[in-house]
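Below, chain A is the first sequence line, B the second, and so on; all start at residue 1.
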Amino acid sequence: MSNEVAVLGAGMHPWGKWGRNFVEYGVHAARVALKDAGVKWRDVQFVSGGATIRNGYPGFVAGATFAQALGWQGAEVNTSYAACASGSQALAAARAKILAGHCDVALVIGADTTPKGFLKPQPGERPDDPDWVRFRVGITNPTYFALYARRRMALYGDTQEDFALVKVKNSAHGFENPNARYRKKFSAQDVADSAMVADPLRLMDVCATSDGGAALIISSVEYAKKIGKGDAPRIAAISTVTPTYASETVEMPDIATDSSAVVAAQSFRANLPKKAYEEAGIGPEDVSVAEVYDLSTALELDWMEDLQLCERGEAAKLLRAGETTVGGRIPVNPSGGLACFGEAVPAQALAQVCELTWQLRGQAGARQVQGAKVGITANQGLFGHGSSVIIKK
Amino acid sequence: MSATPVLEGWFTLDGEQPHLLGSQCQSCGTYYFPQIRGEAKFCRNPDCEGESFDEVKLSRTGKLWSYTNAMYQPPEPFVAKDPHEPYAIAAVELDAEKMIVLGSVVDGISVEQLEVGMAMELVLEALNDGKVTWKWKPA
């Protein structure tokens with residue numbers, strides 16, 4: 001039996017700081033995806049939503065909220081919350097439902113409306129909550145990314161100019177993407193002139209928070225064939241593994257790693273795609289395009305190595321040679337990535353899959369990766385959440 | 001000194017030779033920071049069935065794994081100076097425990113004075129509301 005499902009449709013609401021209700025973005029994305037799929041809303045049997053925790057009760061029950069907003073038609077619903085990997089977990093729930101034979105076609109959907117500035121911990125005096133503790137002693141979100149970036153500089157000789165080059169590349173990619181929030185070609189000088197946030201990372205090295213919405217219509221392969229879409233891209237793997245003891249890297253919101261005095265340390269980021277490759281039965285040499293979670297510019301380089309697109313410490317070399325630019329050997333973030341989108345948490349992992357869907361169909365316009373056959377995503381968030389999705393022709 | 005710690009049970013209040021307080025599993029020997037708490041304690045090493053721990057003082061020196069700074073004022077519950085003064089942040093790898101612990105760096109030391117791999121030691125310093133926390137300082 002095939003473990004694959006078909007991606008029939010993809011849709012997005014453009015990212016921005018629109019300040020409207022998140023439901024609007026989600027519904028917009030869903031209607032675009034339905035039209036793209038040629039599937040009637042009435043025929044969707046399962047609605048799987050990524051939750052948002054900043055929009056009250058409707059956000060906690062996002063699956064039902066979107067189903068009601070689209071017009072109740074009796075579909076079953078699910079809501080998944082997994083921080084930045086919420087979209088992938090919602091996708092995994094829909095895939096499981098389809099592969100188990102409990103439904104044929106599902107809508108997966110995520111949208112967010114975000115506040116301005118730093119994301120804050122919940123209020124009150126809560127010393128048992130690591131997220132509270134680290135802010136109490138002054139460890140903010142960009143801190144973690146800056147520590148990883150500085151470590152790369154010390155270990156591999158990466159420079160701040162390399163990190164700026166990631167922004168330059170991604171801004172050129174996103175310039176051509178109608179769904180991107182920032183559509184301006186930034187220069188290395190623009191990055192160098194931006195304010196320092198957490199040394200060595202500047203404002204333009206760090207991603208913003210955004211409003212946005214993304215949706216996918218997925219189905220069984222049989223259903224896809226039945227409606228004449230047998231050649232639709234397939235989801236070949238979804239990895240949502242948690243870290244394995246002992247954790248190698250200090251991850252947000254923790255204040256310390258596990259001890260590796262007794263058990264060898266493992267890299268969570270590297271484990272995510274490893275499981276995806278195993279599940280899909282392919283290797284990094286088969287990948288034609290990658291969408292990775294560039295919460296910072298330097299993190300894109302870490303991801304390239306975690307995805308095994310190159311050896312440890314070699315990512316900047318590929319970047320400098322233009323190999324990760326559209327037109328190069330292994331384009332990374334042809335969508336423009338978080339650098340051009342900003343992060344709309346429950347929608348972001350789905351936005352990555354939307355981009356790969358368009359790339360594999362050859363519909364990505366000026367940012368098209370020629371001959372793309374296999375795409376992989378990588379994504380990570382708080383509290384041991386992360387995902388890696390493989391989609392192929 | 002009658003210092004009030006920002007967190008109870010996370011570190012000793014010895015002004016000269018402070019230590020972070022951790023737990024060590026009596027079965028497998030692994031370390032935890034912060035300490036293992038709660039009524040029913042157990043080891044989080046998935047291959048260990050340990051349920052008994054010793055409270056241990058963690059190494060108060062280690063190597064600088066990486067560092068950065070906070071140029072922007074962090075949100076609450078951080079108590080910021082007015083106006084905000086940037087401070088450095090260190091990730092220090094403890095030799096014996098093979099564990100990386102974050103902390104801010106003592107006042108007066110900026111990122112220009114730090115280098116990955118250098119020796120660091122644990123000290124106590126007051127936060128802006130007067131409560132005492134652990135910080136890292138070049139050794």
inquiry  = Using side chain to side chain contact (heavy atoms under 4.5 Å, CB included), reason through A/F145 and A/R150 one step at a time and then give a plain yes or no.
reply    = CA-CA 9 Å; A/F145 309 127; A/R150 172 62 64 182; over 6 Å; no
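- Looking only at side-chain heavy atoms (C-beta outward), B/P77 and A/W132 come within less than 4.5 Å of each other.
- One N or O on the side chain of B/E97 and one on the backbone of B/S59 form a donor-acceptor pair closer than 3.5 Å.
- Salt bridge absent: B/K63 and B/E93 never bring a charged side-chain N and a carboxylate O closer than 4.0 Å.
- The two residues A/S86 and A/A51 come nearest to each other via the heavy atoms OG-O, 4.3 Å.
- Salt bridge status for A/D302 with A/R312: absent, with no side-chain N to carboxylate O gap under 4.0 Å.
- Counting heavy atoms from C-beta outward, A/Y293 and A/Q348 have side chains that approach closer than 4.5 Å.
- A/R152 has a carboxylate O that lies under 4.0 Å from a charged side-chain N of A/E305, or vice versa, which qualifies the two as a salt bridge.
- Contacts between B/W65 and chain A at a heavy-atom distance below 4.5 Å involve backbone atoms as well as side-chain atoms.
- Each of B/S66, B/G22, B/P34 has some count of heavy-atom pairs under 4.5 Å with chain A, and the biggest count is that of B/S66.
- For B/D14 (side chain) and B/Q17 (main-chain N/O), a donor-acceptor pair under 3.5 Å exists by modelled atom type.
- Looking at A/K275 and A/E278, no side-chain N of the basic residue comes within less than 4.0 Å of a carboxylate O on the acidic one, giving no salt bridge.
- When all heavy atoms are compared, the tightest approach of A/R181 to A/S210 is NH1-OG, 2.8 Å.
- Contacts between residues 107-120 of chain B and chain A, counted as heavy-atom pairs separated by less than 4.5 Å, involve B/V111, B/V116.
- Proximity to chain A (any heavy atom under 4.5 Å) is restricted, for B/L7, to the side chain, taken from C-beta onward.
- Side chain of A/N379 to main chain of A/G386: no donor-acceptor pair is present (N/O by atom type, distance under 3.5 Å, no hydrogens or angles).
- The part of B/V6 that comes within reach of chain A is its side chain, from C-beta onward, which places non-hydrogen atoms under 4.5 angstrom from that chain.
- Neither the backbone nor the side chain of B/K135 comes within contact range of chain A, judged by heavy atoms closer than 4.5 Å.
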request  = Decide side chain to side chain contact (heavy atoms under 4.5 Å, CB included) for B/Y32 and B/F53; before the verdict, give the C-alpha distance in whole Å, the side-chain angles of both, and the deciding distance to 0.1 Å.
outcome  = CA-CA 10 Å; B/Y32 291 96; B/F53 297 86; 4.0 Å; yes
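- Seen from the ring of A/Y148, A/R269 counts as a face-on cation partner, given the 6.0 Å and 45° thresholds.
- Scanning residues 254-266 of chain A against chain B with a 4.5 Å heavy-atom cutoff picks out A/D254, A/I255, A/A256, A/T257, A/D258, A/S259, A/S260, A/A261, A/V262, A/V263, ordered by number.
- Residues from residues 243-252 of chain A that place a non-hydrogen atom less than 4.5 Å from a non-hydrogen atom of chain B comprise A/Y245, A/E248, A/T249, A/V250, given in numerical order.
- Classification of A/R136 and B/D129 as a salt-bridged pair holds, one side-chain N sitting under 4.0 Å from a carboxylate O.
- Contacts between B/A96 and chain A at a heavy-atom distance below 4.5 Å involve the backbone alone (N, CA, C, O).
- Among the residues in residues 40-48 of chain B, those with a non-hydrogen atom closer than 4.5 angstrom to a non-hydrogen atom of chain A are B/R44, B/N45, B/P46.
- Interface remark: B/T30 contributes backbone and side-chain atoms alike to the contact with chain A (heavy atom separation under 4.5 Å).
- The most heavy-atom pairs under 4.5 Å with chain A, out of B/Y87, B/Y67, B/Y31, come from B/Y67.
- Applying the side-chain contact (heavy atoms from CB on, under 4.5 Å) test between A/T114 and each of A/N55, A/T52, A/D211 identifies A/D211 as the sole match.
- Note: B/K98 leads B/K98, B/K131, B/M99 in heavy-atom pairs under 4.5 Å with chain A.
- The six-membered or imidazole ring of B/F33 lies near that of B/W10, with a centre-to-centre distance under 6.0 Å.
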